[in-house]
Amino acid sequence: MPHDHHDHDHLSPSGHPYRSDDDVPLTYWQQMEIALRELLIEKGVTTPEEIARQIDAMDARSPANGAALVARAWTDPAFKERLLQDASAASRDMGFDIGPLRLIAVENTAQVHNVIVCTLCSCYPRNLLGLPPDWYKSRAYRSRTVKEPRKVLSEFGLTLPDETTVRVHDSTADMRYIVLPARPKGTDGWDPDRLAELVTRDSMVGTGLPRTPA
Amino acid sequence: MPDRAMHDGAVPDGVAPVKTQRVRVAARMPMGHVRAPAYLRGKVGTIERPLGAFPDPERLAYGQPAPDRALYRVRFSMAELWGDSAEAPTDTVDAELYDTWLERLD
Amino acid sequence: MTNTPSFDGRRWHDMGGSKAGPILDETHDFALWEKRVDALMVLCSGKGHFTVDGLRRALEDMGEAAYDEMSYYERWIAAISQNLIEAGVITQSELANRMAEVAVRGDSYGEASRA
């Protein structure tokens, strides 16, 4: 009985089981994926090993990468400057292979809160943070965030004071964005690994804030 | 992803807008693939920063030879975009727009 | 007298500023077939067979019903196929014939896909 030689029946890096492909009877689009993959392999465009390696590379990308950048920026002022000047270079300095991705980091302060959206499709800094959540790709998020960001953020449980300026970044061309959230109070003397645990994915998209010390 | 060449501030027409200069987004409605969102067309913003030059996506999308075009981040106030509907008039939207879509006002 | 709708130029995918409902907290881990679609996109575009711009254009041209009725990776595999056909890497008949062959291998993804 043919089976996939690369065993994916374990937990994915997020800690959840892989969603079962066999939930539903074989769909037309699954047939297309299988057919296309086989043709591309037969034509020498790619190999099963190359595909498996790319899946693993993508699985290895997660918000933990962004959290590491943020935590270092919180503890190392020179690195923070580098991150704000050239976030692509700063990512590479920390050993993250983000490929040709052009990254811009935008800083939250007491006066400014940043939030990221792609109104035209779903552009996201995937080579750093991994794949985007479904809500980021939804009609509601893409439509409303550029017009009523405060209402959108309140639906995420985040209410901002009137004195704060909200800056929305619409990822319309070749740049990708990451929010550098403000460091939570009560974390003096914390090392970067401990700080990184406070940095949530949503805080780097701008739809949330970092966790606070318990 | 295909690597995209970047040239610092290359602007074929020679008169590059700089940070804080005011620009207006063209109000045209072309067919086909464009990356200038409709909600920005005809609106006035300021250059937040130049980003360098990249191959024109409107041509890349059709597999055509794509000359490099200068790309800018442009900042718009919510008041400019939405008028009385704006939640907070001085909140902003920053978007990346190609020079083909921008007209200098200053 | 016919009613001619005015064309304000906005295409369906150009969503900024449109009215929409609440944001649902949707997240799901991806199935293996979806990760394979993602991998094929990265690999084939990296090898120069198409650009992300060509993918986006194909997605836009699929129309609004596709966005509402198909999942994200269903639309992507369709857009990838479209781009590869345009690039001459595969033909429509090759794809159709292979899909027909795949369809009769079994009732589940696991049965129908080979290593």
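In this text the structure is predicted, and so the values were computed from the model without any measurement. Quick note on labels: first sequence line is chain A, next is B, and so on, each numbered from 1.
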A side-chain contact here means heavy atoms from C-beta on lying under 4.5 Å apart; do R56(C) and L120(A) qualify?
no
For I23(C), is there any backbone N or O sitting under 3.5 Å from a side-chain donor or acceptor partner on E155(A)?
yes
Y141(A) side chain to L24(C) backbone, donor-acceptor under 3.5 Å
no
Counting neighbours of CG on D107(C) that are heavy atoms of other residues, nucleotides or ligands and sit closer than 6.0 Å, is the number greater than 12?
no
Looking only at side chains, do Y73(C) and E33(A) share a donor and an acceptor under 3.5 Å apart?
no
N/O donor-acceptor pair under 3.5 Å between R142(A) side chain and H13(C) backbone
yes
For V37(C), does its backbone N or O pair with a side-chain atom of R37(A) as donor and acceptor, under 3.5 Å?
no
Is R105(C) salt-bridged to E38(A), cutoff N-O under 4.0 Å?
yes
Output yes when K19(C) and E148(A) qualify as a salt bridge under the 4.0 Å nitrogen-oxygen rule, no when they do not.
no
K47(C) to V45(A) - nearest heavy-atom pair and separation:
CE-O, 3.1 Å
Applying a strict 4.5 Å limit to non-hydrogen atoms, the region of L40(C) in contact with chain A is side chain
Under 4.5 Å from a heavy atom of chain A, the part of A96(C) involved:
neither
In terms of heavy-atom proximity below 4.5 Å to chain C, should F156(A) be classed as side chain, backbone, both, or neither?
side chain
Side chain, backbone, both or neither of D68(C) within contact of chain A (heavy atoms, under 4.5 Å)
side chain
At a 4.5 Å cut-off on heavy atoms, which part of D14(C) comes close to chain A: side chain, backbone, both, or neither?
both
If one checks every heavy atom of L84(C) against chain A at 4.5 Å, the contacting part turns out to be side chain
In Å, rounded to the nearest 0.5 Å, how long is the span from CG of L40(A) to NE2 of H49(C)?
7.5 Å
